[in-house]
Number of protein chains: 2
Amino acid sequence: MPSSPRPSPPPPPTSSAAPGREALSRERVVAAAVAIADADGLGAVTMRRVAADLHCEAMSLYHHVPSKDALLAALADEVLRQVAQATAAVTASSWDDAVRRRCLAARDVMLRHPWAPGLVAAQTTSPPSVWPVYEQLVGTLTEAGFDDDLAHRAIHALGSMLLGFSRELFESDGDTLAPDPGETAVGENLPNLARMAASVVHETDGALSVCDTRAEFEFTLDLVLSGLDRHRLARSGA
Amino acid sequence: MPSSPRPSPPPPPTSSAAPGREALSRERVVAAAVAIADADGLGAVTMRRVAADLHCEAMSLYHHVPSKDALLAALADEVLRQVAQATAAVTASSWDDAVRRRCLAARDVMLRHPWAPGLVAAQTTSPPSVWPVYEQLVGTLTEAGFDDDLAHRAIHALGSMLLGFSRELFESDGDTLAPDPGETAVGENLPNLARMAASVVHETDGALSVCDTRAEFEFTLDLVLSGLDRHRLARSGA
DNA sequence: ACCTGAACACCGTTCAAGT
DNA sequence: ACCTGAACACCGTTCAAGT
């Protein structure tokens, strides 16, 4: 075996030449970028700055991340992973209490990363960590008696409450709510989401196409408006 | 007295030396930037690119816009001006129909400028063009019998539906819904908003501070959840 | 006053070269 | 294989100089 300056039999984390520096990895790069964004804002996340914080050169990062856009996408995914973890831990006796606590838990995560909602909204393709969040939500709604169509509308209506952005409400092209089937065995890992997506796609009664964002927008809008009207009536009656 | 917006007697647009080129102005700079963003995305909006489209040099822009950030803020304000114009034209017989049509009109504007919701959300200070939109909304709600507190909650709940973003829902520090009093004679131009802001600020029954974003978030959330529950019951009953 | 050329201090990224 | 120095093509912005 080649003579190494650190032939330590139980090599801790690094087997590289440099003794002081820990080996670079995608996780360390992402973690450093998150720390920078938290401390100095998303604008401070620069390839050169991330590299400096990791005590390496900017070009070294390209061995673990294909581009800066990919790094930003990884940041968005990392935050959604935290959201998924926070919401997965929530338990409640009723479906609405469960959803309510999960939205508040997601909000807590976003408040710790104020740059996250904007970054998540800017992603052109859905970060994979969002699917478990939706899967759990659809599962809860289905158990509570929601049919697939109503669960689908609920996901759209609750999207901005869960993720802090409402991008999908303002999109014109649909198919937002369907995870890539080839990605990771959707049918196995995301059974509720897969069933709902298939059910909604086959819906052709005219009210809903694949993802009619105009219809989803109006549904959420009517939810809010009718709720406000009930508050108005309750107050004027008292 | 109606002071005409164009008191200029005859001189066409340009009195400068260059004959072919029209004189630069803040309006032309902003318009060029909007056109670039519409055509090639917000990332294409570059001082050098805007200047090239106006057939001048990048540094000339700084005579009409103090910085690129200021230019982007002007872009956000321009889109909200279009929203204000679109919503101001809406008439309806009931308050909820009026609000509903205004939200849809705002959405139409945003769909024509897909970069706008994100840019508006990124603004750290509220673009002034948003105040007329809120003023009209509060006026409509007040006429319909909303008290100031409920109108205030309604504005928060409808914010993302009107503007395509939900930034305020995820903010931790309040006072979002109070226009700068010194800016433009709030009491005169924004009477409903001024009254509501004053009323809500004085509220101290514990339920609401100046702008308790956590409380606003929960209010909107409960609006959506209870609305979904009514849909669930209606469908299971049928 | 309004506009401009050159220059400065940054970016993301490529590439050939190191180990 | 992983890392790096130098270099390229861009940024936003300053400044002294033009008209």
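In this text the structure is predicted, and so the values were computed from the model without any measurement. Values below: every heavy atom of this structure, side chains too, minus hydrogens, waters and symmetry copies.
Among the protein residues, A:Met47 comes within range of the sugar-phosphate backbone only, with heavy atoms under 4.0 Å from sugar or phosphate atoms but none that close to a base.
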Could you pull out every donor-acceptor pair under 3.5 Å between side chains of residues 110-117 of chain A and any protein atom, sequence neighbours left out?
from	atom 1	to	atom 2	distance (Å)
A:His113	ND1	A:Asp38	OD1	2.8
A:His113	ND1	A:Asp38	OD2	3.2
A:His113	NE2	A:Gln82	OE1	3.0
A:Trp115	NE1	A:Asp38	OD1	2.8

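Residue-to-nucleotide proximity on DNA chain D shows that, of A:His64 and A:Arg48, the 5′-proximal contact is made by A:His64.
Look at CG on B:Leu61: it is 11 Å from C1' on C:dC3, rounded to the nearest Å. Per the geometry, CG belonging to B:Asp69 stands 10 Å off P belonging to D:dG12, to the nearest Å. Following rounding to the nearest Å, A:Leu54 (CG) and D:dC3 (C1') show an atom-to-atom distance of 13 Å. Note: CD (A:Glu57) to P (C:dG18) measures 17 Å, nearest angstrom.
Atom CZ of B:Arg214 sits about 4.5 Å away from atom CD of B:Glu218, to the nearest 0.5 Å. Here the CG-CZ distance, from A:Asp108 to A:Arg101, works out to 13.0 Å after rounding to the nearest 0.5 Å.
Candidate nucleotides D:dG12, D:dA7, C:dT4 were compared by shortest atom distance to the side chain of B:Met59, and C:dT4 ranks first. The side chain of A:Lys68 lies closest to C:dT13, out of D:dC3, C:dT13, C:dT4.
Within the 3.5 Å criterion, the main-chain N or O of A:Val83 finds a donor-acceptor partner in the side chain of A:Thr87.
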How does DNA chain D look in dot-bracket form if you count Watson-Crick and G-U pairs under 3.5 Å, write [ ] for pairs that cross, and put | where a base pairs with another strand? .|.|||||...|||||.||

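By the 4.0 Å N-to-carboxylate-O rule, A:Glu57 lies too far from A:Arg48 to be salt-bridged with it.
Phosphate contact (OP1/OP2 of D:dT13, side-chain N/O of B:Tyr62, threshold under 4.0 Å): present. Distances shorter than 4.0 Å separate some side-chain N or O of A:Thr46 from OP1 or OP2 on C:dG12.
Between the side chain of A:His63 and the base of D:dC2, no donor-acceptor pair of N or O atoms lies under 3.5 Å.
Among all heavy-atom pairs drawn from B:Ala76 and B:Val120, the shortest one is CB-CG2, 4.0 Å.
Of the listed residues (A:Asn189, A:Thr140, A:Asn192), just one forms a side-chain hydrogen bond (donor to acceptor under 3.5 Å, both in side chains) with A:Glu135, and that residue is A:Asn192.
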